[in-house]
Visitor: 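Here it is, the structure, as structure tokens.
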Amino acid sequence: MARSNDLVAQMLDEFADLLAISAGDPFKVRAYEKAARAVEGYHVEVERLDEHELDAIPSVGSHIARKIAEFLRTGTVDELDGLRSRVPAGLRTLLAVPGLGPKRARQAYDELGVTSLSELLDALHDQRLRHLRGWGAKSEENLAKAIHEAQTGGGRIPLGVALGLAEDLLEDLSSVDHVSKAAYAGSLRRMRDTIGDVDLLVASDHPEPVMQAFTELPLVGRVVAQGPTKSSVVTTKGVQVDLRVINPSVWGAALMYFTGSKAHNIRLRYLAERAGLKLSEYGLFEAGTGRLLVSQTEEDVYGRLGLPWVPPTIREDTGEIEAAVAGQLPQLVELRDIRGDLHTHTNLTDGVAALPEMVAAAKRHGYRYYAITDHAPLLYMQRMTADKALEQRRQIRQLERQTGMVLLHGSELNIQPDGTLDWDDDFLAGFDIAVASVHSAFRQSRQAMTARLVRAVENPFVNVLGHPTGRTIGHRRAIDADWDAVFRAAACAGAALEINSFPDRLDLSDELVRRARHAGVKFAISTDAHAVPHLDYMRFGVATAQRGWVGPAEVINTWPLDKLRRFLAKRRPARRRTG
DNA sequence: GCCGTTTTCGGCCCGACTGTTTTCAGTCG
């Protein structure tokens, strides 16, 4: 089930949204948002805390602590119910439209009675919004575009959400009688960045009770179809989940079939056909006699086709079959290869955990080294200063001595529209590592953006280009640049490209990763963690790297420390003594 | 609503960008 911290954070976010729509005190709105982030990232499950302990969470005071306690006790909060009754249901969903905030959502409701996305689309269609104060034709046009983009995102859900849901469901299913194996398949197992519906596979000799249990799970909102071996449901949150129950003896063939991709399966069946065989979800058979040859494990089936087992993350028919036939499947980077995280934040800027907590968590992950890369001054809202950075460096050195862990003091710099960065060279030279990222002016022309990124990666102090395209999945599209030119420049200048593991970023994307490889760039797979639980996102970044066919040698944070240090240092001019 | 070695009251993330406004409001990061 969902972590209690996430449920509480959702509750507080709803509080903040409804207050904002009700034109409440903006500082109060922010207080709820801040508390939501603090709870979400808090290292202890809030359901285990009493009101006094809740109050001790930074950014949670006595009032919010009381509301959290009420929520955990009763499942709701009186004051929130009151707010809900005063704000039309549906109005809140409009805040998810990029570019539409609480003020304008409220205005559309007050003056046009708009309470839902479909009513907003009607109003757009009738050109009624442009007559409201502060609106015009251009705002209508931008809004229509934003809605269109969000919708053609296609109802797909981010990998991280789908995986969490699948794991919750599998945990429930595994405890059902007669279930011998349970796994997720489909695009989720291939770790695509977004997932259409969740495919689950269960091995059992008694399918009916398993199906019955599945359709009665608490997460199920609606049963779309229910049969003895296949059922489809829609969860309470609107995600479609398909379950297939198969005999344990055909596990391997079924898992292959339901993992896909469709294109990969078609190629395999073609290979089988040419060898006088027939491949289906029930196994690999002799075409003439129909005799079953293999079906139990994926390795068995691939093996009988004359192929090594193909990792699910590359089963897209983009060359993996040919490589497998030739015995040249790439060695892919694995989570266990990762020796450290090179992009993380603390509460010195917009993280929610203090430096010692993050370092302790990194140590629990078994990392050999760990970089702290808080934001730099040009992201004004973070109020970073040189003094703060130096004080943090002092603390880091002290923590290194205390924990015996190798800590790299870094910074996440801001790439300005002209490609320049925060701080001067002397100050930059004091950092162990610098990640440079675009945080503003996302809509420059391709030419300007390319020049901007190239200038940034060519800066001798820049080691990693952070979340290179700036996309947030389902929300903001990638910036426009000549990526091949950027990749060439990065490879030439010795700057690594980040594969940001945050599930709504996954940036670079698998496709761009593959292109970047061809330019010979190195990668840094990092979490961009803003809280302790975010460190677990590493697996999403690793999966994205795998989808891009990346091997461990190409990933700088699989390297031993001395090799990593040489990579980080080699581009820098000899450091001038600054006294 | 949260928070505090300048404050228990009075601040609170600050600037860019966009489109609308004839001087600024809303949204975003």
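First the proteins, then the strands, lettered A, B, ... as listed; each starts at 1.
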Visitor: What one-letter contact string describes nucleotides 2-8 of chain B from 5' to 3', where B marks a base within less than 4.0 Å of any protein heavy atom, S marks contact via sugar-phosphate atoms alone, and - marks no contact?
Guide: SS-----
Visitor: For A:Leu95 and B:dG29, give me the distance from atom CG to atom P, rounded to whole Å.
Guide: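 The answer, rounded to whole Å, is 14 Å.
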Visitor: Counting only Watson-Crick pairs (N1-N3 plus N6-O4 or O6-N4) and G-U wobbles (N1-O2, O6-N3), all under 3.5 Å, who is the partner of B:dT8?
Guide: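 B:dT8 is paired with nothing.
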Visitor: Do NZ/NE/NH1/NH2 and the carboxylate oxygens of A:Arg37 and A:Glu40 come within less than 4.0 Å?
Guide: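 Yes, charged N to carboxylate O under 4.0 Å.
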Visitor: Rounded off to whole Å, could you give me the NE2-to-P distance for the A:His439 and B:dC17 pair?
Guide: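 Atom-to-atom, A:His439 to B:dC17, this comes out as 15 Å.
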Visitor: Regarding A:Pro102, tell me which of base, sugar-phosphate or nothing describes its non-hydrogen contacts under 4.0 Å with the strands shown.
Guide: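 Sugar-phosphate contact only - A:Pro102 comes under 4.0 Å of backbone atoms but never of a base.
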Visitor: Do A:Arg393 and A:Phe431 meet the cation-pi criteria used here (NZ or CZ under 6.0 Å from the six-membered ring centre, within 45° of the axis)?
Guide: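 Flagged: A:Arg393 positioned over aromatic ring of A:Phe431.
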Visitor: Using a strict 4.0 Å threshold on nitrogen-to-oxygen distance, state whether A:Glu391 and A:Arg394 make a salt bridge.
Guide: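 Salt bridge present between A:Glu391 and A:Arg394.
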Visitor: Round to the nearest Å and state the distance from A:Phe27 atom CZ to B:dC13 atom P.
Guide: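 Rounded to the whole Å, the gap is 7 Å.
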Visitor: On a whole-Å scale, what distance lies between the C1' atoms belonging to B:dC12 and B:dT7?
Guide: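 Looking at atom C1' only, B:dC12 and B:dT7 are 13 Å apart.
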Visitor: Mind checking the P distance from B:dC2 to B:dC13? Whole angstroms is fine.
Guide: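 Those two atoms are separated by 14 Å.
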Visitor: Measuring only the P atom in each nucleotide, how far is B:dT27 from B:dT21? A whole number of Å is fine.
Guide: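 Those two atoms are separated by 16 Å.
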Visitor: Roughly, in whole Å, what's the span from CG in A:Leu100 to C1' in B:dC28?
Guide: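 Taking CG of A:Leu100 and C1' of B:dC28, I get 13 Å after rounding.
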Visitor: Any salt bridge between A:Asp432 and A:Arg397, counting N to O under 4.0 Å?
Guide: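 Salt bridge between A:Asp432 and A:Arg397, a charged N being under 4.0 Å from a carboxylate O: yes.
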Visitor: With no hydrogens and no angle check, is any side-chain donor or acceptor of A:Glu140 less than 3.5 Å from a backbone partner on A:Arg130?
Guide: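 Yes; judged by distance alone, with no hydrogens or angles, the pair exists.
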Visitor: Should the pair A:Arg515 and A:Phe487 be classed as cation-pi, given the thresholds of under 6.0 Å to the six-membered ring centre and 45° from the axis?
Guide: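 Relative to the ring axis of A:Phe487, which defines the angle, A:Arg515 lies outside at least one limit.
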Visitor: Determine the Euclidean distance between corresponding P atoms of B:dG1 and B:dT5; express it in Å to zero decimal places.
Guide: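 Each nucleotide's P atom is 23 Å from the other's.
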Visitor: NA contact type, A:Arg106, heavy-atom cut-off 4.0 Å: base, sugar-phosphate, or nothing?
Guide: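 A:Arg106: no heavy atom of the nucleic acid under 4.0 Å.
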Visitor: Closer than 3.5 angstrom, by distance alone: can the side chain of A:Gln444 be matched with the main-chain N or O of A:Pro417 as a donor-acceptor pair?
Guide: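 Flag set: sc A:Gln444 to bb A:Pro417 pair under 3.5 Å.
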Visitor: Could you check how far CG of A:Asp422 sits from P of B:dG15, rounded to whole Å?
Guide: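 Rounded to whole Å, this separation is 15 Å.
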Visitor: In whole Å, what separates the C1' atom of B:dT18 from that of B:dT23?
Guide: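 Pairwise C1' distance, B:dT18 against B:dT23, rounds to 15 Å.
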Visitor: Within this structure, what is the NZ-to-P distance between A:Lys145 and B:dT27, rounded to whole angstrom?
Guide: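 Atom-to-atom, A:Lys145 to B:dT27, this comes out as 19 Å.
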Visitor: Do the non-hydrogen side-chain atoms of A:Arg505 and A:Tyr537 ever get within less than 4.5 Å of each other?
Guide: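 Side-chain contact under 4.5 Å: no.
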Visitor: Taking A:Asp50's backbone N and O only, do any of them form a donor-acceptor pair with A:Glu53's side chain (distance below 3.5 Å, no angle check)?
Guide: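 Flag set: sc A:Glu53 to bb A:Asp50 pair under 3.5 Å.
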Visitor: Mark up nucleotides 18-25 of chain B, 5' to 3', with B wherever a protein heavy atom is under 4.0 angstrom from a base atom, S wherever such an atom reaches only the sugar-phosphate, and - elsewhere.
Guide: -SS-----
Visitor: Roughly how far apart, to the nearest Å, are B:dG4 and B:dT20 at atom P?
Guide: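 Their P atoms lie roughly 43 Å apart.
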Visitor: How close or far is atom P of B:dG29 from atom CD1 of A:Ile415, stated in whole angstroms?
Guide: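 Taking CD1 of A:Ile415 and P of B:dG29, I get 17 Å after rounding.
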Visitor: May I ask you to test the A:Leu18-A:Arg92 pair for a side-chain heavy-atom distance under 4.5 Å?
Guide: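 Answer yes - side chains close enough.
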Visitor: Would you measure the distance from the C1' atom in B:dC28 across to the matching atom in B:dT22 and give it in whole Å?
Guide: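 Result for the C1' pair: 25 Å, nearest Å.
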Visitor: B:dC12, OP1 or OP2 - any side-chain N/O from A:Arg30 closer than 4.0 Å?
Guide: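 False: A:Arg30 side-chain N/O out of range (4.0 Å or more) of B:dC12 OP1/OP2.
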Visitor: Could you tell me how far apart A:Tyr380 (OH) and B:dC28 (C1') are, to the nearest whole angstrom?
Guide: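 For the pair A:Tyr380 OH and B:dC28 C1', the rounded distance is 15 Å.
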Visitor: Take A:Lys67 and A:Gln107, find for each the nucleotide of DNA chain B with the closest heavy atom, and name the residue whose nucleotide sits nearer the 5' end.
Guide: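 That would be A:Lys67.
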